[in-house]
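Keep in mind that the numbers below use all heavy atoms, side chains included, and drop hydrogens, waters and symmetry copies. Whatever order the structure lists ligands and atoms in, that order sets their numbers, starting from 1.
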Amino acid sequence: MHHTLELKVLDSRFGDEWPLPAYATAASAGLDLRAAVEGPLTLAPGDAALVPSGLAVHIGDPTLCAVILPRSGLGHKHGIVLGNGTGLIDADYQGPLMISVWNRGREAFTIEPGDRIAQLVVLPIVRATLQVVDEFETSARGTGGFGHTGVR
Ligand SMILES: O=c1ccn([C@H]2C[C@H](O)[C@@H](COP(=O)(O)OP(=O)(O)OP(=O)(O)O)O2)c(=O)[nH]1
Ligand SMILES: [Mg+2]
């Protein structure tokens, strides 16, 4: 699937010091997002900060959304993940794209202006109509969950 994503550049360092987000390889799913901070930002262990990406996107199409995900290297090696777990960007959102950065690690971590700190993934969405029923048609799983099928 392909979608043309409208993008507003909010930080003039894009196009000059920093390239616009781009897919790193022909089959990459994520566009890396940069920290559009004014100066170095040090996150102590446990701290979170709302970091501007310097960009706004308007997805428009309600059958799409975008998610902000951690970068695996930063998350695994340095404990730099997202304060909101995953960021969900609605198709009708037109405001600045913000990144909640959380240091879940045991050491302080410094983010420099322009560092690629997270990634944006555009995804298809199914919007559901809720239908209230008294009983569900029986399924193989039924109400079993939370490990009820065991480990091995
Ligand atoms: O990491 C994120 C998550 C969300 N957003 C923006 C886009 C999204 O469409 C909007 C609302 O997000 P969400 O619905 O998750 O937050 P909320 O706390 O429910 O706010 P609202 O009441 O505005 O929906 O905030 C970001 O910029 N970054
Ligand atoms: Mg909401």
Side-chain angles (χ1 to χ4, degrees), residues 1-134 136 141 143 145-147:
M1 253 171 96
H2 177 264
H3 177 71
T4 299
L5 189 61
E6 285 187 10
L7 178 123
K8 269 190 195 169
V9 174
L10 305 179
D11 191 304
S12 60
R13 287 170 290 184
F14 280 103
D16 173 14
E17 293 176 49
W18 309 331
L20 285 175
Y23 292 103
T25 66
S28 292
L31 294 160
D32 283 348
L33 297 175
R34 294 177 189 274
V37 283
E38 290 308 318
L41 172 67
T42 298
L43 287 178
D47 276 6
L50 199 55
V51 172
S53 68
L55 302 169
V57 296
H58 181 217
I59 300 167
D61 182 344
T63 68
L64 301 175
C65 75
V67 290
I68 300 178
L69 299 177
R71 293 187 67 203
S72 52
L74 278 182
H76 181 72
K77 293 180 199 154
H78 301 288
I80 299 300
V81 294
L82 301 172
N84 50 353
T86 302
L88 174 63
I89 313 304
D90 298 288
D92 52 359
Y93 182 69
Q94 299 181 320
L97 206 55
M98 302 297 290
I99 308 163
S100 172
V101 191
W102 173 38
N103 182 358
R104 62 151 189 85
R106 294 197 173 93
E107 284 165 27
F109 186 84
T110 299
I111 294 165
E112 302 288 343
D115 280 359
R116 290 178 287 130
I117 53 168
Q119 54 188 327
L120 184 77
V121 176
V122 180
L123 293 175
I125 282 298
V126 175
R127 281 163 50 89
T129 299
L130 302 183
Q131 185 188 357
V132 176
V133 297
D134 290 326
F136 296 130
R141 174 178 288 274
T143 58
F146 296 91

Checklist entry - At their closest point, which heavy atom of Ala24 faces which heavy atom of Ser28, and how far apart are they? => result N-OG, 3.7 Å

Checklist entry - Okay, side chain of His3, backbone of Ile59: is any donor-acceptor separation there less than 3.5 Å? => result yes

Checklist entry - Which heavy atom in Leu55 sits nearest to a heavy atom in Pro21, and how many Å separate them? => result CD1-CG, 3.4 Å

Next on the checklist: Distance under 4.0 Å to a non-hydrogen atom of Gly87: what atoms of ligand 1 satisfy this?
Outcome noted: 1 (O), 2 (C), 3 (C)

Item to check | atom 10 (C) of ligand 1: the protein heavy-atom neighbour that sits closest, reported with distance to 0.1 Å | outcome: Tyr93 CD1, 3.9 Å

Next on the checklist: I want to know if ligand 1 touches Ser100 in the polar sense, i.e. an N/O pair below 3.5 angstrom.
Outcome noted: no

Checklist entry - With no hydrogens and no angle check, is any side-chain donor or acceptor of Arg104 less than 3.5 Å from a backbone partner on Gly75? => result yes

Checklist entry - Which ligand 1 atoms, with their elements, are less than 4.0 angstrom from a heavy-atom of Pro96? => result 27 (O)

Item to check | Atom indices of ligand 1, in the order listed, that fall short of 4.0 Å to a heavy atom of Asp90 | outcome: 8 (C), 9 (O), 11 (C), 14 (O)

Checklist entry - With a 4.0 Å cut-off, would you call Arg34 and Asp115 a salt bridge? => result no

Item to check | Any protein heavy atom nearer than 4.0 Å to atom 16 (O) of ligand 1 | outcome: no

Next on the checklist: At less than 4.0 angstrom from any non-hydrogen atom of Leu88, what atoms of ligand 1 do you find?
Outcome noted: 3 (C), 4 (C), 7 (C), 8 (C), 9 (O), 12 (O)

Item to check | Mode of Asn84 contact toward ligand 1 - side chain, backbone, both, neither (heavy atoms, under 4.0 Å) | outcome: side chain

Checklist entry - Counting only N and O atoms by type, is there a donor-acceptor contact under 3.5 Å from the side chain of Thr42 to the main-chain atoms of Thr110? => result no

Checklist entry - What do you reckon, does Met98 have a nitrogen or oxygen under 3.5 Å from a nitrogen or oxygen of ligand 1? => result yes

Checklist entry - Closest heavy-atom contact between Val51 and Leu41? => result CG2-CD2, 3.7 Å

Item to check | Protein non-hydrogen atom below 4.0 angstrom of atom 28 (N) of ligand 1 present | outcome: yes

Item to check | Within-cutoff protein neighbour (heavy atom, under 4.0 Å) for atom 5 (N) of ligand 1 | outcome: yes

Checklist outcome for this item: Looking only at heavy atoms, the pair that brings Ile117 and Ala35 closest together is CD1-CB, 3.8 Å

Next on the checklist: If we count only non-hydrogen protein atoms and require a distance under 4.0 Å, does atom 20 (O) of ligand 1 qualify as touching the protein?
Outcome noted: no

Item to check | Value rounded to 0.5 Å, distance of OG1 in Thr86 from CD1 in Ile68 | outcome: 10.0 Å

Next on the checklist: Under 4.0 Å and counting heavy atoms only, is there anything from the protein next to atom 1 (O) of ligand 1?
Outcome noted: yes

